[in-house]
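The structure under discussion appears below in the form of structure tokens.
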Amino acid sequence: MTGYTLRAATPADLPAMREVIRSNFNGLGAPDPGSKLHLVLDPARYLLTESDGRIVGTAGALTRDLAVPGAVIPAAHVTAVTVSPVHTRQGLLRRMMTEQLTTVPEAVAVLWASEGRIYQRFGYGLASQNVTIRADRREVAIRGTIGTGAGHLRGAAPTEVLKELSEVYARALAGRPGLSSRSDAWWTFLTTDLESERDGHTATRAVLFENADGVVDGYTRYRVRSQWDDNGPKGEVNVVELVAATPHAYAALWRFLLGVDLTRTVVMGLSSVDEPIFHMVDEPRRLAGKVGDGLWLRIVDLPRALTSRKYAAPVDVVIEVTDALLPANAGRWRLRAGAGGALVNCSPTDAPADLSCDILELGAAYLGGTTLGALAATGRVQEHRPGAVAAASTAFGWHVAPASIEIF
């Protein structure tokens with residue numbers, strides 16, 4: 001590593017960091033002087049690699065909580081991992097990722113991967129998937145009357161209803177593994193609607209669903225792209241997010257989105273694999289759902305991570321774990337959870353292993369979206385006691401699929 005230095009960032013580094021990150025992600029044009037990154041970035045949580053006094057690599061983390069099965073826990077939200085093109089293949093990425101994982105205070109780390117093959121090398125497992133919906137609104141209708149007559153819709157600029165948005169989101173957070181907490185600063189970041197980020201769409205709009213008691217039970221933030229051809233309008237509704245605390249709110253908001261005038265397509269890019277809309281419409285095929293990878297999760301502190309979540313069924317299992325990067329996680333661990341996921345204990349043991357796997361597989365299974373049974377079918381989880389995979393897979397599962405509805 002001759003000629004390279006690794007250090008923590010300072011507030012003075014922010015302009016240069018912003019340019020390096022933009023350039024290394026192949027951003028177009030000059031950096032936006034109105035960038036909103038400063039609203040949520042904590043320079044002290046960013047690692048910088050320098051060569052001859054110039055920043056050539058970055059690895060950051062955002063301080064946020066993460067919903068996991070039965071709990072909400074602190075998680076390092078890893079972001080802005082870059083190495084300048086002329087400095088690749090020098091071990092800089094491994095050095096930054098190793099330093100980050102050995103120093104973060106949280107028990108787990110999560111990220112969105114530009115390429116999954118990069119982060120599997122550092123013990124990140126594919127913990128959730130997302131579905132992109134591209135609905136032909138003329139070919140899809142919601143069956144029955146759900147969402148009608150149970151309340152009313154109200155339109156607003158997102159910045160005018162931040163209190164209502166944050167309250168609905170807080171209600172939804174604990175019930176959906178994969179969602180991340182949002183501070184006031186994060187809400188300001190999300191609703192600061194720079195024209196340079198609209199990609200031909202209108203400014204972001206908000207629609208709220210209020211129930212008969214005047215309580216806001218759901219909202220959607222969306223944009224519209226105007227488009228016409230010789231046959232008339234064929235605009236697109238781009239759903240930034242839809243968050244609902246009740247089925248009526250969810251259905252009413254989808255009815256609205258599917259009925260926006262002068263549009264033909266509704267696109268929602270970060271849906272869950274168990275999105276209710278697939279079971280509410282008359283022709284789910286016309287939703288054109290496409291599955292992609294979502295959150296990648298890395299267990300940093302194994303006993304703390306496994307005792308921080310709840311389990312879907314009682315379990316008593318010994319897991320032998322390998323972890324080349326964080327050896328404190330390696331060894332045999334006895335995981336015990338009682339009915340309802342209570343009385344969770346995870347401690348070292350010399351007892352024979354019931355299962356064995358790498359830390360990557362436990363990260364993949366941690367949010368309940370990737371089953372240990374599926375991983376066993378790949379050979380990446382080995383069973384040493386008959387029935388151990390079935391019992392552990394059931395316990396690690398959850399009644400709803402994990403989903404992350406924002407890329408950080």
| message | I need the minimum non-hydrogen distance between Ala80 and Phe25, along with the two atoms involved. | response | CA-CE1, 4.3 Å
| task | Ignoring hydrogens and angles, tell me if any N or O in the side chain of Asp282 forms a donor-acceptor pair with the backbone of Ala141 under 3.5 Å. | result | yes
| request: Grab the two heavy atoms, one from Val291 and one from Val131, that are nearest each other, plus how far apart they are. | output: CG2-CG2, 4.0 Å
| said: Taking Val224's backbone N and O only, do any of them form a donor-acceptor pair with Thr202's side chain (distance below 3.5 Å, no angle check)? | reply: yes
| query | Can you name the nearest heavy-atom pair linking Leu48 to Met17, along with the distance? | reply | CD2-CG, 3.7 Å
| request: Could you tell me which non-hydrogen atom of Gly60 sits nearest to which non-hydrogen atom of Gln100, and how far apart they are? | output: O-NE2, 3.1 Å
| query | Is the shortest heavy-atom distance from the side chain of Met96 to the side chain of Thr49 under 4.5 Å? | reply | yes
| request: Say whether Asn345 and Arg336, considering side chains only, have a donor N or O and an acceptor N or O under 3.5 Å apart. | output: yes
| task | Give, for atom OG of Ser183 and atom CG of Leu62, the distance between the pair rounded to the nearest 0.5 Å. | result | 10.0 Å
| task | Tell me, with the steps shown, if Arg334 and Asp316 meet salt bridge (Lys or Arg N to Asp or Glu O under 4.0 Å). | result | CA-CA 7 Å; Arg334 184 180 181 186; Asp316 187 345; 2.6 Å; yes
| Leu306 and Trp333, any side-chain heavy atoms less than 4.5 Å apart | no
| CD/Gln129 to CG/Asp293 distance, rounded to the nearest 0.5 angstrom? | 8.0 Å
| query | Counting N and O atoms only, with roles assigned by atom type, does the side chain of His279 sit under 3.5 Å from a partner on the main chain of Pro276, one being a donor and the other an acceptor? | reply | no
| said: Can you tell me how far apart OG (Ser128) and CH2 (Trp112) are? Round to the nearest 0.5 Å. | reply: 6.0 Å
| Short N-O contact, Arg225 and Asp199, less than 4.0 angstrom | yes
| request: Inspect the surroundings of CZ in Arg385 and state if more than 12 heavy atoms from other residues, nucleotides or ligands are less than 6.0 Å away. | output: yes
| field | Heavy-atom side-chain proximity of Leu101 to Tyr124 below 4.5 angstrom | value | yes
| task | Evaluate the side-chain proximity of Leu41 to Leu14: yes if any heavy-atom separation is below 4.5 Å, no if none is. | result | yes
| So is Arg309 actually on top of Tyr311's ring, under 6.0 Å and inside 45° of the axis? | yes
| Closest heavy-atom pair and its distance - Gly70, Trp398 | N-CZ2, 3.4 Å
| field | Considering all heavy atoms, the nearest Val400-Arg176 contact | value | CB-NH1, 3.9 Å
| said: side chain to side chain contact (heavy atoms under 4.5 Å, CB included), that's the test. Do Lys163 and Trp187 meet it? Break it down for me. | reply: CA-CA 10 Å; Lys163 180 177 182 292; Trp187 274 108; over 6 Å; no
| field | Trace of the side chain to side chain contact (heavy atoms under 4.5 Å, CB included) decision for Phe396 with Val315 | value | CA-CA 9 Å; Phe396 271 84; Val315 66; over 6 Å; no
| message | So, using salt bridge (Lys or Arg N to Asp or Glu O under 4.0 Å) as the criterion, who are the partners of Asp323 when residues are at least two apart? | response | Arg298
| query | Ser181 side chain to Asp65 main-chain N or O, any donor-acceptor pair under 3.5 Å? | reply | yes
| Of Leu325, Val108, Leu326, Asn329, which is the lone residue that meets side chain to side chain contact (heavy atoms under 4.5 Å, CB included) with Val300? | Leu326
| Between the main-chain N or O of Gly387 and the side-chain N or O of Glu383, is there a donor-acceptor pair closer than 3.5 Å? | yes
| Any side-chain heavy-atom pair of Val161 and Arg154 under 4.5 Å | yes
May I have the list of side-chain donor-acceptor pairs in residues 72-79 shorter than 3.5 Å, sequence neighbours left out?
{"residue": "His77", "atom": "ND1", "partner": "Ala75", "partner atom": "O", "Å": "2.9"}
{"residue": "His77", "atom": "NE2", "partner": "Ser180", "partner atom": "OG", "Å": "2.7"}

| field | Arg182 bridged to Glu241 by N-O distance under 4.0 Å | value | yes
| task | Indicate whether the side chain of Thr204 and that of Arg223 have a donor and an acceptor atom separated by less than 3.5 Å. | result | yes
| message | Ignoring hydrogens and geometry beyond distance, is a side-chain donor-acceptor pair present between Thr159 and Thr191 at under 3.5 Å? | response | no
| request: Please round to the nearest 0.5 Å and tell me the distance separating atom CG of Leu39 and atom CG of Asp184. | output: 12.0 Å
| query | Between the main-chain N or O of Arg94 and the side-chain N or O of Thr98, is there a donor-acceptor pair closer than 3.5 Å? | reply | yes
| request: Would you check if Phe256 and Phe209 make a side-chain contact, meaning some heavy-atom pair closer than 4.5 Å? | output: no
| query | Between the side chains of Trp186 and Glu406, does any donor sit under 3.5 Å from an acceptor? | reply | yes
| said: What I want to find out is whether Glu167 reaches Arg171 closely enough, with some N-O distance under 4.0 Å, to be called a salt bridge. | reply: no
| query | Heavy-atom distance under 4.5 Å between the side chains of Leu93 and Ile118, does that happen here? | reply | yes
| query | side chain to side chain contact (heavy atoms under 4.5 Å, CB included) between Leu111 and Val81: does it pass, once the steps are laid out? | reply | CA-CA 10 Å; Leu111 55 77; Val81 179; 5.6 Å; no
| field | Arg18 side, atom CZ; Ile55 side, atom CD1 - distance, nearest 0.5 Å | value | 12.0 Å
| Does the distance from a Lys or Arg side-chain N to an Asp or Glu carboxylate O, for Asp13 and Arg7, drop under 4.0 Å? | yes
In residues 355-372, what donor-acceptor pairs under 3.5 Å come from side-chain atoms, sequence neighbours left out?
{"residue": "Ser356", "atom": "OG", "partner": "Gln382", "partner atom": "OE1", "Å": "3.0"}
{"residue": "Ser356", "atom": "OG", "partner": "His384", "partner atom": "NE2", "Å": "2.7"}
{"residue": "Asp358", "atom": "OD1", "partner": "Thr322", "partner atom": "OG1", "Å": "2.8"}
{"residue": "Asp358", "atom": "OD2", "partner": "Leu360", "partner atom": "N", "Å": "3.1"}
{"residue": "Glu361", "atom": "OE1", "partner": "Asp358", "partner atom": "N", "Å": "3.2"}
{"residue": "Glu361", "atom": "OE2", "partner": "Arg380", "partner atom": "NE", "Å": "2.8"}
{"residue": "Glu361", "atom": "OE2", "partner": "Arg380", "partner atom": "NH2", "Å": "2.9"}
{"residue": "Tyr366", "atom": "OH", "partner": "Ala305", "partner atom": "O", "Å": "2.6"}
{"residue": "Thr370", "atom": "OG1", "partner": "Leu126", "partner atom": "O", "Å": "2.8"}
{"residue": "Thr370", "atom": "OG1", "partner": "Ala364", "partner atom": "O", "Å": "3.4"}
{"residue": "Thr371", "atom": "OG1", "partner": "Ala374", "partner atom": "N", "Å": "2.9"}

| task | Report yes or no: does Asp354 contribute a side-chain atom to a donor-acceptor pair with the main-chain N or O of Val317 at less than 3.5 Å? | result | no
| query | Is there a donor-acceptor pair closer than 3.5 Å between any side-chain N or O of Glu19 and the backbone N or O of Ala16? | reply | no
| Does Asp350 come within less than 4.0 Å of Arg332, counting only side-chain N to carboxylate O? | no
| field | Heavy-atom donor-acceptor pair, Asp42 side chain to Ala44 backbone, under 3.5 Å | value | yes
| query | Do the non-hydrogen side-chain atoms of Leu253 and Val207 ever get within less than 4.5 Å of each other? | reply | yes
| field | Rounded distance [0.5 Å steps], CD in Glu50 versus NE2 in His87 | value | 11.5 Å
| field | Side-chain donor-acceptor pair present, Thr63, Arg45, cut-off under 3.5 Å | value | yes
| field | Under 3.5 Å: donor-acceptor pair, side chain of Ser393, backbone of Ala390 | value | no
| request: Could you tell me whether Arg95 sits above the aromatic face of Tyr4, with NZ or CZ closer than 6.0 angstrom to the six-membered ring centre and within 45 degrees of the axis? | output: no
